[in-house]
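In what follows, a structure is listed as structure tokens, so that the remarks can point back to it.
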Amino acid sequence: MAAPVDIRRALLMPALLCLLAPACSLAAETDPLKADAQAYFKSRVTPFVTTYCLPCHQNRRPTQAGVNFSPALNSPGHAAFTDQWKKAAARIKAHDMPPKNAPQPSDADRLMFVDWMTKLKYLSQQDPGPFVIRRLTKTEFGNTLRDLFGVEPSIVDTLPDEVSGEGYLNSLSPLQLEQYLKIADKVLGQIIAPAGSAPTRLQRKLFGAQAVNPRQVARSLASKAYRRPPTEAELDVLVAAYNLGRQNKLAHSQSLHLMLKAVLVSPQFLFITPGAEAASSTGIVPLEDYQLASRLSYLLWATMPDDELMALAAKGTLHEPAILKAQVKRLLADRRSRALFDGFGAQWLSVGGLERQVFDPTLFPQMTAQLRQAMYNEVRLFFESIVRENKSVLSFVDGDYTYLNASLASIYGLEKTVKGPAMRKVALTDSNRGGVLGMPGILAATSFPNRTSPVKRGIWVLEQLLGEHVPAAPPNVPALDEQDQKSVANLTVRQRTELHRTNPVCANCHKILDPIGFGLENFDAIGQWREKDRNGTPIDATGELPGGKRFSGPKDLKTIIAGRSDALARNLVEKLMAYALGRRLEGYDEIVVDNLMQEIAKDGYRMQTLIEGVITSYPFTHRRIVRKEDLP
């Protein structure tokens with residue numbers, strides 16, 4: 001059975017080399033902005049970097065922290081340096097850099113460097129980026145087998161769990177290939193009748209009559225499994241698998257089984273690829289409609305395109321904006337769109353690992369598997385309601401309802417009004433609750449096993465809701481739990497955190513993120529409301545954010561965060577687009593996001609408008625052609 005491995009090796013490289021063409025042009029609008037960015041970089045940023053960064057970070061050994069600004073100064077708009085510029089701006093803003101013993105820029109110069117990030121994108125070339133070839137995730141693989149053959153998705157449970165989103169895994173080791181071969185055998189064992197028995201209905205549907213030409217069978221199987229019409233060369237490989245069986249004295253039906261097994265371990269089935277080879281004078285091509293159908297279906301349903309999508313792809317009309325938007329609405333209205341939360345939403349809101357998170361059983365005995373599942377389902381149902389009802393993304397912060405069952409209602413103090421295990425929609429009258437900031441699942445996900453963490457909660461709000469980059473903690477800074485336990489025994493978590501902040505190395509970041517976490521201190525480690533901590537000390541949830549906005553608890557904090565509507569919406573656009581593309585956003589992507597934000601804002605930041613905007617965007621519907629010389 002070496003043939004499937006040979007299929008992968010023979011066919012994966014052509015798949016890597018076929019990508020897409022013409023470009024929607026925003027160039028006329030961005031040319032003046034590009035000229036301004038170039039002048040600003042030359043007159044303001046280059047002197048700043050030369051003075052404050054190059055002494056430690058340039059083309060010489062040793063380079064401090066592995067950071068080298070010399071090439072970035074020569075090509076500031078190159079995508080390879082986008083992340084470096086962003087990290088530098090975050091550290092400059094937080095006063096982490098330059099180091100304390102080095103010359104320091106003025107506050108005005110720091111602000112100038114941070115503001116430069118809004119101009120950086122205009123130095124980028126118009127580029128949708130390459131199509132990220134990736135393997136189907138475990139969930140996608142199981143769902144696709146279900147839709148092709150009617151087997152249970154759990155048939156893939158022996159595969160390891162994977163993280164979806166930016167940076168999909170796209171390799172296939174010999175051990176993994178062996179796992180896929182075993183799963184293919186399981187599938188065949190469930191859908192194929194034993195030797196000597198009458199063929200099953202599905203068997204007859206897949207393989208047709210006894211006299212059917214094996215190439216016809218291969219074409220039918222591959223058209224469904226590859227999610228596009230197969231090439232003649234691909235059919236040759238499958239027919240060769242059939243012929244191999246016949247040469248080894250296998251019966252016609254057994255040889256067809258071997259062909260199907262070859263389909264199930266082929267890269268065309270296991271990977272999402274960009275399509276046929278294409279040529280373009282610009283190096284940019286639109287996605288073929290079949291690839292667009294797969295990209296859309298796996299994003300919203302985590303499974304293969306259905307018959308309607310395939311029919312539109314066959315007609316070559318799926319890419320038309322009106323048709324594509326109509327299909328987005330159709331897919332979102334289908335129950336299978338739950339996959340958008342399980343794949344993207346759970347990752348964005350950080351509840352994907354809740355079932356495995358450890359909590360102290362003596363302090364929180366109620367954290368059973370059932371309660372954890374209810375916490376997850378609350379966030380999922382809330383997310384789905386905002387999508388289904390096309391609410392504003394601001395509802396994620398200021399929503400006045402949630403979904404509870406009896407076990408979760410006890411965390412809210414509503415056990416007298418919500419009974420039974422079924423989740424149901426519940427209106428909330430406590431303005432401290434409502435929205436994701438008051439949800440137990442999210443509050444638990446941002447806590448430690450035995451206590452709350454204002455730092456983790458502050459970082460979560462800044463990064464997951466507002467899209468800000470929080471620099472990693474400097475090395476050799478002791479964690480809160482490493483403080484002298486006798487001296488802090490009677491201190492509240494807030495007091496211990498503030499003590500930690502007296503370290504000047506920590507102060508700059510913590511003065512931004514700690515107040516947000518303090519504003520949520522009325523919620524304990526699993527999201528229960530409290531007025532006092534375990535020592536009986538009253539909770540102090542007051543604080544002040546940079547800029548002077550004060551709050552006295554979760555209600556006020558929610559109002560302040562909801563007021564940053566543009567930041568909330570932009571962050572969600574960027575995170576969804578990165579997830580949809582399977583890569584980090586770079587350079588020109590940010591110009592695309594700018595234009596999307598204008599359209600989304602006009603419609604009140606509605607969720608379906610946001611999703612449609614991402615799916616009809618230039619990076620989602622186009623790709624850069626990857627040449628052989630560009631491959632590593």
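Since the structure is predicted, the reported quantities are computational estimates derived from the model, not experimental observations.
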Rounded to the nearest 0.5 Å, how far apart are CG of D147 and CH2 of W301? 8.5 Å

Below 4.0 angstrom, N of the basic side chain to O of the carboxylate: do E320 and K325 qualify? no

If you round to the nearest 0.5 Å, how far is NE2 of H622 from CG of L287? 8.0 Å

For residues Y618 and P128, report the shortest heavy-atom separation together with the two atoms involved. OH-CD, 3.5 Å

Answer yes or no: is there a donor N or O on one side and an acceptor on the other, between the side chain of Q357 and the main chain of A444, under 3.5 Å? yes

Kindly say whether F271 contributes a backbone atom to a donor-acceptor pair with the side chain of R134 at under 3.5 angstrom? no

Salt bridge check: are K186 and E152 linked by an N-O gap of less than 4.0 Å? no

Within the 4.5 Å heavy-atom criterion, are L264 and Y180 side-chain neighbours or not? no

In this structure, CG of L408 is separated from CD of Q370 (nearest 0.5 Å) by 13.0 Å

Within the structure provided, determine whether Q268 and T273 are in side-chain contact (heavy-atom separation under 4.5 Å). no

For K182, is there an ion pair with E178 - N to carboxylate O distance below 4.0 angstrom? no

Just say parallel, tilted or perpendicular for the rings of F383 and W348, cut-offs at 30° and 60°. perpendicular

Would you please say whether a donor-acceptor pair under 3.5 Å links the side chains of Y298 and T137? no

Output the distance between atom CD (Q464) and atom CG (L572), rounded to the nearest 0.5 Å. 11.0 Å

Without swapping roles, check the side chain of D589 against the backbone of E586 for a donor-acceptor pair under 3.5 Å. yes

If you measure from CD1 on I192 to OG on S197, what distance do you get to the nearest 0.5 Å? 11.5 Å

Counting only N and O atoms by type, is there a donor-acceptor contact under 3.5 Å from the side chain of E378 to the main-chain atoms of G441? no

Distance from H257 atom NE2 to D185 atom CG, nearest 0.5 Å? 12.0 Å

Would you say R606's side chain and L610's backbone share a donor-acceptor pair under 3.5 angstrom? no

Under 3.5 Å donor-acceptor, D289 side chain and T317 backbone: yes

I'd like to know if R380 pairs up with D342 as an ion pair, taking the criterion as any Lys NZ or Arg NE/NH1/NH2 lying under 4.0 Å from an Asp or Glu carboxylate oxygen. no

